[in-house]
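Below is one structure, written out as structure tokens; comments come after it.
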Number of protein chains: 2
Amino acid sequence: MANIREIARLAGVSVSTVSRVLNNHPYVSTAKKDAVLKTIEKLDYSRNINAVHLSQGKTNMVGVVLPTINHPYFSALLEGIAEEAMKHNVQLVLFQTDYNQDKELEALEQLRGHLIDGVIFCSRAVQFDLLLNYKGIGPTVLCEDADQQEFPSVSIKHVEAFNLGLDYLVSKGHEKIAICLGRLEGTNSQKRKAAYEKKMKVIGEKFRREWIIGQCLMIEDGKKVIDEYLEWDEKPTAFLVGNDQVAAGMIAEAKNNELTVPEDFAVISFDNHPISKILGITTIEIPTKQLGSSAFMAYIDQSKDIEYSDKIVLPVKLWERKSV
Amino acid sequence: MANIREIARLAGVSVSTVSRVLNNHPYVSTAKKDAVLKTIEKLDYSRNINAVHLSQGKTNMVGVVLPTINHPYFSALLEGIAEEAMKHNVQLVLFQTDYNQDKELEALEQLRGHLIDGVIFCSRAVQFDLLLNYKGIGPTVLCEDADQQEFPSVSIKHVEAFNLGLDYLVSKGHEKIAICLGRLEGTNSQKRKAAYEKKMKVIGEKFRREWIIGQCLMIEDGKKVIDEYLEWDEKPTAFLVGNDQVAAGMIAEAKNNELTVPEDFAVISFDNHPISKILGITTIEIPTKQLGSSAFMAYIDQSKDIEYSDKIVLPVKLWERKSV
DNA sequence: CCTTGACCTGAAACGCGTTTCACAAATTAT
DNA sequence: ATAATTTGTGAAACGCGTTTCAGGTCAAGG
């Protein structure tokens, strides 16, 4: 395929002039500009983007690290990022990691290698110290309720939101409360667990470790929760559930077992994704898509000023429906 | 940042040798290899991937074109692609187009520009002729029930699947059938419409244009369907719905209007995504994730042999549940 | 002792667009 | 009319890793 030098030769100009035409620089006479354009047309020329990237030292691409795409939370987050990226003419490179730490670091390595200009972590399993090694290479944004000031972060206040849910259940007369979390190893889950334990103490209720169910991520996991529930001798009267999907699965599975919500037990979850609305699930809204667009904006801000490191907190909102 | 020449200088070898070490070529003495490795370590060197891309003329990245990420169908498809891509060490670049034709073509332009080695279209709005202009530039895979042989394609047999749904409803005694489709302009919808019209004729039922409802994509659209249904003087006894999400929305909204499924009307949809299972929706399974992985495999096949252009058809399966 | 092939190494060319610098020509300002 | 800009253009350097080619060494085979 033709390159810029050939265009220059055929159009009878220098490569610099061709480059200027390509980039709409001023200071090119219309005569030469036309000649170049005509030649480009004739040879069906198209710029080699890799050469541009190499030359400019940047690619206008950012990496997005997420465990899985096929989950409403992450696909909403990703969509928020993608919409904002599009506005800024930035391309997204996906790193679906399934929480594999090496794959998470892979994104950072690609940042070092100039494949991408920055990285947005939608979630991560890798230790924070390891991230720190890559600080300063390029803008890095974390979608998490961060304790650190090294990287800009975007999230809701997880503990606060969790307490909101707990308090709501308590206000409705529930004291025997079980919780369903995602990855128990995750920092969020740790915080939520602590908040739960504390709250139980405050209301003078026994803290039952068995009432913390982990690995609740998808609709299907709701069945697992009900199975466990059925086994318990002592039953909770309410569940605080990490996300709408699981809550939906629980409610459906409850019905299969002739249990009704909220009569047999109440359910409140997080997200306020469409499914919670149609099933009448009381939920705490997490502005997932905005989280994504804010994350991208934080990336932009940091790319303008590498010192930038804000902690962006978006508000949550309780939607009272019929599951409590 | 250091480059390969500096490493070579400090290690006292040639750049070729450094390159060989970097690429694990044989024929490098251990002494020199160690020296290079040590120097790389010392300078904290990391390869400039853009230079590699430029030099190799390829990037090991493929573009994925889809209208929206935040929809179970597309995120499942994308996940299938992503998993397979990971196995092949290929990175994905996202093109979320919202069915904007220019953005779809943008992906092809990036292919021309060597940003990506190939393109997978999860869905498209752009005319086929326009795609044809880009044929031969690089592997291009279409996820659609294609009539053409120019590009490899991956899909289910849409008309057949649609007829399966129609026949099932008929076999259950339904004749007054309405259908809910996605983008009416899409080729799939056109085919389905034709199949619907034909089937109505076969069973001697009047073809009612009003009973074809378009723009049914998300859960929320289910409400719209029910609103229309309530307006109709003559009511259908069954709906064939383009995807589970809409069916779920319909069933929920039906309940809000004191209608019960399948008593007031039956519903059968497509996808067999988790939501259909928990809501007991009779559905025709589309192996969405496999569609994605097959699409990626077709990309790989075509990248090995540019002449490759198979039409891959995956089977569908009817899941009888309680909505018919 | 000679041939052959495996092993090792470096110089140079290649992929290709951008940008800086120097300089000339045409305007505008003084 | 002269100085100061603005406009227009090209040569050359730059970003950087890969690959080809030619040449050399050394051990095994005949």
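When reading the values below, keep in mind they use all heavy atoms of this one structure, side chains included, and skip hydrogens, waters and symmetry mates. Nothing here was measured: the structure is a model prediction, and the numbers come from that model. In what follows, chains are A, B, ... by sequence order, proteins preceding strands, each numbered from 1.
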Sugar-phosphate, base or nothing in reach of B:Val18, heavy atoms under 4.0 Å: nothing

Side-chain N,O (A:Lys33) to OP1/OP2 (D:dG8) below 4.0 Å: no

Donor/acceptor link under 3.5 angstrom from B:Arg5 side chain onto base of D:dG15: no

Contact under 4.0 Å: A:Ser14 side-chain N or O vs D:dT9 OP1/OP2: no

Shortest non-hydrogen separation from B:Asp147 to B:Lys191 and the atoms involved: OD1-NZ, 3.3 Å

Sugar-phosphate only, base, or nothing, as touched by A:Ser19 at under 4.0 Å among non-hydrogen atoms: base

Student check: side-chain heavy atoms of A:Ile156 and A:Pro287 closer than 4.5 Å: yes

Touch class at under 4.0 angstrom, heavy-atom based, for B:Ser16 against every strand present: base

Distance, rounded to the nearest Å, where A:Ile4 contributes CD1 and D:dA11 contributes P: 13 Å

Gap separating the CD atom of B:Gln110 from the CZ atom of B:Phe95, nearest 0.5 angstrom: 5.0 Å

Distance in angstrom units between A:Leu115 CG and D:dG17 P, rounded: 14 Å

Residue-level proximity of residues 35-60 of chain B to DNA chain D when a heavy atom falls under 4.0 Å: B:Tyr45, B:Arg47, B:Asn48, B:Ala51, B:Val52, B:Ser55

N/O (side chain, B:Asn23) to phosphate O (OP1/OP2, D:dT18) under 4.0 Å: yes

Length of the CD-C1' vector between A:Glu6 and C:dG15, whole Å: 14 Å

Note: B:Glu106-B:Lys103 ion pair, threshold 4.0 Å (strictly below): no

Euclidean distance, B:Ile312 CD1 relative to B:Gln290 CD, rounded to 0.5 Å: 12.5 Å

Salt bridge present between A:Glu150 and A:Lys135 (N-O < 4.0 angstrom): yes

Check: B:Ser19/B:Ser16 side-chain N/O donor and acceptor closer than 3.5 Å: no

C:dC8 OP1/OP2 closer than 4.0 Å to side-chain N/O of B:Tyr27: no

Distance-only donor-acceptor test (3.5 Å): side chain B:Arg20, base D:dG17: no

A:Asn24 CG to C:dT19 C1', straight-line distance once rounded to whole Å: 17 Å

